[in-house]
Amino acid sequence: MAAVLGIVRGHKGAMNLYSTPGKGSTFKVLLPASYEAPSKTRMQESMQSKHASATALVVDDEQVVRRTTKALLERSAIR
């Protein structure tokens with residue numbers, strides 16, 4: 001939750017938590033509105049730059065899960 005809150009705050013947003021005993025909890029993520037639609041070129045540039053510098057740590061006790069996740073991440077980075 002701390003990581004999610006950090007990301008939300010980084011985008012100038014907020015999170016609210018509502019909890020009722022016996023009923024569960026609800027998280028509301030509030031992000032500021034944007035009136036500018038992202039251009040397809042800008043989105044592609046953003047995705048390419050994120051893939052180029054991203055690092056993922058995959059931790060699981062099952063080897064098949066680690067291998068599958070690694071393969072999926074490598075495949076998505078090529079696009």
Side-chain angles (χ1 to χ4, degrees):
M1 288 310 301
V4 173
L5 182 58
I7 293 167
V8 170
R9 285 183 177 166
H11 290 282
K12 299 182 177 144
M15 280 181 39
N16 291 335
L17 164 65
Y18 305 94
S19 185
T20 306
K23 295 268 185 173
S25 301
T26 300
F27 293 88
K28 288 193 177 184
V29 177
L30 308 167
L31 296 170
S34 174
Y35 297 103
E36 180 183 331
S39 68
K40 188 172 185 177
T41 304
R42 198 165 95 203
M43 287 176 60
Q44 288 172 340
E45 290 172 359
S46 175
M47 291 299 290
Q48 288 172 352
S49 66
K50 286 180 183 175
H51 284 296
S53 64
T55 301
L57 173 63
V58 178
V59 179
D60 197 284
D61 59 345
E62 294 185 39
Q63 187 176 26
V64 69
V65 174
R66 292 191 308 268
R67 285 183 178 171
T68 303
T69 305
K70 179 183 178 193
L72 289 170
L73 289 170
E74 289 173 342
R75 207 174 297 148
S76 69
I78 295 171
R79 293 180 187 172

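Following chains of ILVMFWY side-chain contacts shorter than 4.5 Å, one can reach F27 starting from L31, so the two form part of one hydrophobic cluster.
Residue R66 qualifies as enclosed at atom CZ: its count of foreign heavy atoms under 6.0 Å is above 12.
Contact between A14 and V8 at its shortest, heavy atoms only, is N-CG1, 3.4 Å. Across all their heavy atoms, S19 and S25 have their closest contact at OG-OG, 3.2 Å.
Side-chain contact between R67 and K70 is absent, with no heavy atoms from C-beta onward closer than 4.5 Å. Side chains of L30 and M15 form no contact here, defined as non-hydrogen atoms less than 4.5 Å apart.
In this view, T20 satisfies the side-chain hydrogen bond (donor to acceptor under 3.5 Å, both in side chains) rule with no residue, not counting sequence neighbours. Scanning for side-chain hydrogen bond (donor to acceptor under 3.5 Å, both in side chains) contacts around T26 gives an empty result, with sequence neighbours left out.
Here the straight-line distance linking atom CG of L17 with atom CG of L5 works out to 11.0 Å at 0.5 Å rounding. Atom CG in L57 sits 11.5 Å away from atom OG1 in T69 (nearest 0.5 Å).
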